[in-house]
Amino acid sequence: LKSQQSRLKDVFDSFDRDRRGSLNRNETAAMVRTLMPDASAGDVQYFRMILDIDGDGEVTFNEFVNGIKDAIATSNSTAHGQTGGHSPELAAVLKILKDYITSNGISLAQAFDQFDQGKTGYLTHHDLLRMLRTLVPNLTAAETKHFVHHLRALDADGDG
């Protein structure tokens with residue numbers, strides 16, 4: 001475990017160019033692109049969001065390690081058939097969204113427009129985070145990250 005942590009620290013430090021002890025958005029993007037050369041812009045955004053647990057725009061070493069642990073756990077559970085075609089988490093978020101739309105008397109398009117803060121015609125990772133915090137305000141950072149992971153399955157073209 002110590003040798004793995006040491007290797008992770010070496011990888012983290014190699015991308016922490018300004019030696020502040022955290023990776024900014026550009027450093028995190030460079031790391032993702034180096035480790036995954038075929039990563040799309042959406043993939044880079046996704047990994048930045050997943051690793052930045054507290055959403056402050058910086059990835060600390062602890063966030064990095066926890067993100068790696070979560071990815072391994074998710075990979076292991078998927079490899080052992082513990083996830084189905086439709087995750088219960090995704091179904092739960094979609095039900096909450098449906099209830100939100102119904103209780104506010106708005107259409108799906110109106111709800112989408114509410115959460116599309118930049119009026120770009122798509123929901124960015126930050127828009128998804130805001131949506132989740134609106135729909136389920138008591139989620140912990142780890143729970144939010146987990147839900148966003150499952151919401152990513154709805155990104156049909158993979159552009160983030």
Side-chain angles (χ1 to χ4, degrees), residues 1-80 82-83 87-90 92-94 96-97 112-160:
L1 182 62
K2 280 191 176 199
S3 68
Q4 289 174 338
Q5 191 128 2
S6 177
R7 282 186 280 171
L8 286 175
K9 182 72 170 139
D10 289 343
V11 169
F12 182 88
D13 288 345
S14 72
F15 291 99
D16 183 13
R17 293 187 180 106
D18 57 11
R19 302 291 179 233
R20 292 178 327 149
S22 63
L23 304 179
N24 64 32
R25 292 176 190 264
N26 292 333
E27 292 166 333
T28 303
M31 178 185 65
V32 171
R33 286 198 174 100
T34 299
L35 298 175
M36 299 172 48
D38 295 332
S40 68
D43 291 334
V44 171
Q45 272 187 315
Y46 172 73
F47 281 104
R48 257 196 338 237
M49 190 272 320
I50 288 295
L51 292 171
D52 182 16
I53 293 172
D54 61 9
D56 68 353
E58 301 280 322
V59 176
T60 65
F61 179 66
N62 284 337
E63 288 174 319
F64 177 68
V65 170
N66 288 330
I68 299 294
K69 285 180 185 176
D70 290 348
I72 291 169
T74 299
S75 175
N76 287 341
S77 68
T78 302
H80 293 101
Q82 295 175 4
T83 59
S87 75
E89 292 87 353
L90 180 56
V93 170
L94 293 176
I96 292 167
L97 179 59
F112 184 92
D113 288 342
Q114 278 184 341
F115 296 119
D116 179 13
Q117 188 169 6
K119 304 304 178 209
T120 59
Y122 57 89
L123 298 179
T124 66
H125 291 290
H126 292 289
D127 292 336
L128 286 176
L129 288 172
R130 275 190 301 280
M131 180 185 80
L132 281 171
R133 290 180 182 133
T134 298
L135 298 175
V136 194
N138 297 326
L139 286 178
T140 66
E143 290 168 332
T144 301
K145 181 174 72 166
H146 183 74
F147 276 110
V148 169
H149 168 75
H150 289 285
L151 284 170
R152 187 170 187 248
L154 298 175
D155 183 10
D157 64 5
D159 67 352

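When a residue number appears, it is its place in the shown sequence, counting from 1.
- F64 places a side-chain heavy atom less than 4.5 Å from the side chain of M31.
- By the ring-ring contact (aromatic ring centres under 6.0 Å, His included) test, F115 pairs with Y100, sequence neighbours left out.
- Contact record, R48 with T28: CG-CG2, 3.4 Å, taken as the closest heavy-atom pair.
- A salt bridge between E58 and R25 is absent, with no side-chain N of the basic residue lying under 4.0 Å from a carboxylate O of the acidic one.
- Here the closest non-hydrogen pair linking V65 and Q5 is CG2-NE2, 4.4 Å.
- F61 has its side chain within reach of L8: a pair of non-hydrogen atoms, C-beta onward, lies under 4.5 Å apart.
- The backbone N or O of N62 lies less than 3.5 Å from a partner atom in the side chain of N66, making a donor-acceptor pair.
- Of all the heavy atoms in D52 and G57, the pair that sits closest is OD2-N, 2.7 Å.
- Distance check: E27 CD to F12 CZ gives 8.0 Å after rounding to the nearest 0.5 Å.
- Residue G21 comes nearest to D16 through the heavy atom pair N-OD2, 2.8 Å, listed as atom of the first residue, atom of the second, then distance.
- Taking both residues in full, the closest heavy atoms of G118 and D127 are given as N-OD1, 4.5 Å, listed atom of the first, atom of the second, then distance.
- Shortest non-hydrogen contact noted between V44 and A29 is CG1-CB, 3.6 Å.
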Q.
Could you go through N24 and V59, starting from their C-alpha distance and side-chain angles, then the distance that decides it, and tell me whether this counts as side-chain contact (heavy atoms from CB on, under 4.5 Å)?
A. CA-CA 7 Å; N24 64 32; V59 176; over 6 Å; no

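- Interatomic distance, M131 CE to D116 CG, rounded to the nearest 0.5 Å: 12.0 Å.
- By the side-chain contact (heavy atoms from CB on, under 4.5 Å) test, R133 pairs with L129, sequence neighbours left out.
- To the nearest 0.5 angstrom, T134 atom OG1 is 8.5 Å from R130 atom CZ.
- Every pair tested for ring-ring contact (aromatic ring centres under 6.0 Å, His included) that includes a residue from residues 23-44 fails, sequence neighbours excluded, so the list is empty.
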